[in-house]
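A short write-up of the structure that comes next.
Residue numbers start from 1 in every chain, and the chains themselves are labelled A, B, ... in the order their sequence lines are given, proteins ahead of strands. A quick note: this is a predicted structure, and the numbers were derived from the prediction, not measured.
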Amino acid sequence: MIIASASEGGAELFSLKYFEKEAYLAQSPQLYKQMCAISFEKVFTVLPIFRAEKFEQPTHLNEIRQMDIEESFATDADVMQVLEEFMAHGVKTVHDACSEELKRLGQELELLTLPLKRVQYSEAVNMLRKSGEEIEYGMDFSKTQERKLAGLVGENAFFMVDWPLELKAFYAMPNPDGKTCRAFDLIYNGLEVSSGTQRIHVPSLLISRLKAKGLNSDNFKSYVDAFRYGAPYHAGWSIGLERLTMKITGRENIREATMFPRDRNRITP
Amino acid sequence: MPTAAEPGPASRLRRTHLTSQLGESLNKEVVLAGWVHDVRVLGGISFLLLRDMSGIVQVTAPKAKAPAEVLKEIAGLHQEDVLFVRGMVVSSKIAKRGIEVIPSELEVVSRAETPLPLDPRGVQNTLLETRLNWIFVVRSRMPSSRSSRRFYSPSESSFFNVITWRFSRQ
């Protein structure tokens with residue numbers, strides 16, 4: 001929960017005084033779960049994470065619950081299969097066990113058909129451009145574009161794969177083309193609810209990717225060193241549980257998908 | 001010295017079994033994946049203790065039976081290298097578990113640098129400070145977390161797992 005440095009570089013952190021040192025609330029279990037995976041092979045966790053972004057959007061909270069897995073001897077394709085199986089299982093469980101509640105919410109929950117469609121990032125950009133959206137290769141999708149894309153793809157859930165390196169974190173394993181990486185997002189009912197990657201387990205490659213991202217590799221020394229003493233290749237993902245709940249229950253505002261929403265204005269009850 | 005190509009982002013071989021699942025695979029071919037727990041190269045025979053999330057199994061490569069490339073690979077292995085082993089499960093009077101694996105193919109997917117910051121086997125004593133810094137190299141298992149989960153949530157009438165909120169005014 002309390003860490004000494006930014007997990008992924010970039011995103012805004014809540015800082016706090018930790019005796020004589022400065023510490024941060026973790027924005028992701030990323031680096032720790034990787035170390036757990038190279039120790040225990042297969043791990044999962046459900047935990048709160050914190051992002052100090054000053055957004056006031058209907059899809060944004062500053063404290064969320066996240067469900068993560070990390071698996072050794074697994075590639076991006078392997079963990080995507082785990083993710084789609086988990087999603088199909090989760091949706092079916094709610095569908096079967098909560099029909100009364102869904103009816104009360106006015107939500108008709110569709111089951112998922114596996115395997116989910118895989119759409120390449122570049123295909124997605126082309127589809128959006130053809131439909132009149134202003135987006136260039138290398139740009140991330142806005143929430144509106146994500147929703148529009150879901151309509152164009154015509155699936156209630158699909159993966160977006162082969163992301164450009166510059167849009168994903170430094171630890172994403174590059175593809176042989178040197179431009180894209182083994183990263184994926186899962187779009188469910190028009191919203192990104194999960195993302196993951198195969199991670200870089202080779203220290204020299206990690207260092208060169210940190211440099212390419214303009215990050216100081218010295219600040220990540222203990223992380224990089226963790227992969228020097230027998231790190232298998234590994235991959236993982238995380239699901240934003242409030243986002244998933246929001247989309248399963250058909251809510252328009254994420255504040256209705258958690259018991260005590262923590263946003264820019266609300267810290268009580 | 002190691003002859004394997006630079007490890008890539010995946011492996012050629014795919015794991016078929018964990019080391020704990022070999023009891024019913026006697027005289028069958030399996031593919032295992034894991035870490036080099038220990039390696040011993042003797043004159044006519046080489047031994048490799050392969051460790052994965054479920055336990056340890058002995059991989060035995062007699063000079064007369066194992067392919068030359070496999071023997072050469074084993075001679076170049078170090079503690080904590082990560083590899084896949086394809087081989088035959090056979091019974092053994094000497095191996096601790098009563099079974100061992102005779103390898104036909106090895107694929108190293110990640111090499112450990114030497115020396116290791118500590119000995120994961122616990123044979124060499126390590127200072128607490130070092131153990132804490134490199135705990136993930138010890139690769140211990142924690143079965144207690146599974147058992148407490150079973151205790152609290154075995155059925156619908158049991159405890160509901162909540163993760164309470166961190167931010168608060170007081």
I'd like to know whether Gln34(A) forms a side chain to side chain contact (heavy atoms under 4.5 Å, CB included) with Phe136(B), so could you lay out the CA-CA distance, the side-chain angles of the two residues, the decisive distance to 0.1 Å, and finally the verdict. CA-CA 10 Å; Gln34(A) 284 186 258; Phe136(B) 47 88; over 6 Å; no

What heavy-atom pair brings Pro9(B) and Met173(A) nearest, and what distance separates the two atoms? CB-CE, 3.7 Å

As an exercise: rank Val162(B), Val137(B), Asn161(B), Leu116(B) by heavy-atom pairs under 4.5 Å with chain A and give me the winner. Leu116(B)

Counting heavy-atom pairs under 4.5 Å to chain A, which of Ala33(B), Gly34(B), Ala112(B) comes out on top? Ala112(B)

Heavy atoms of other groups near Arg14(B) CZ, more than 12 under 6.0 Å: no

For chain B, which residues of residues 69-82 of chain A have at least one non-hydrogen atom nearer than 4.5 Å to it? Phe73(A), Thr75(A), Asp78(A)

Partner chain B: residue of Gly230(A), Pro232(A), Pro269(A) with the largest heavy-atom pair count (under 4.5 Å): Gly230(A)

A quick test of your reading: do over 12 heavy atoms of other residues, nucleotides or ligands sit less than 6.0 Å from NZ of Lys213(A)? yes

Proximity breakdown for Arg182(A) and chain B, heavy-atom pairs closer than 4.5 Å: side chain

Heavy atoms under 4.5 Å from chain B: which residues of residues 60-68 of chain A carry them? Asn62(A), Glu63(A), Arg65(A)

Roughly how far, to the nearest 0.5 Å, is the CE atom of Met259(A) from the OG1 atom of Thr164(B)? 11.0 Å

Do other residues, nucleotides or ligands put more than 12 heavy atoms under 6.0 Å from Leu42(B) CG? yes

Chain B contact via Arg228(A) - which portion, at a heavy-atom distance below 4.5 Å: both

Residue pair Asp225(A), Trp134(B): steps toward the side chain to side chain contact (heavy atoms under 4.5 Å, CB included) verdict: CA-CA 10 Å; Asp225(A) 285 348; Trp134(B) 297 98; 3.9 Å; yes

For a 4.5 angstrom cut-off between non-hydrogen side-chain atoms, does Val82(B) reach Tyr233(A)? no

Please round to the nearest 0.5 Å and tell me the distance separating atom OG of Ser39(A) and atom CD1 of Ile135(B). 7.5 Å

CD1/Ile38(A) to CH2/Trp35(B) distance, rounded to the nearest 0.5 angstrom? 8.0 Å

Got more than 12 heavy atoms from elsewhere within 6.0 Å of CZ, Arg118(A)? yes

Between Ser110(B) and Ala231(A), the two heavy atoms sitting closest are OG-O, 2.7 Å

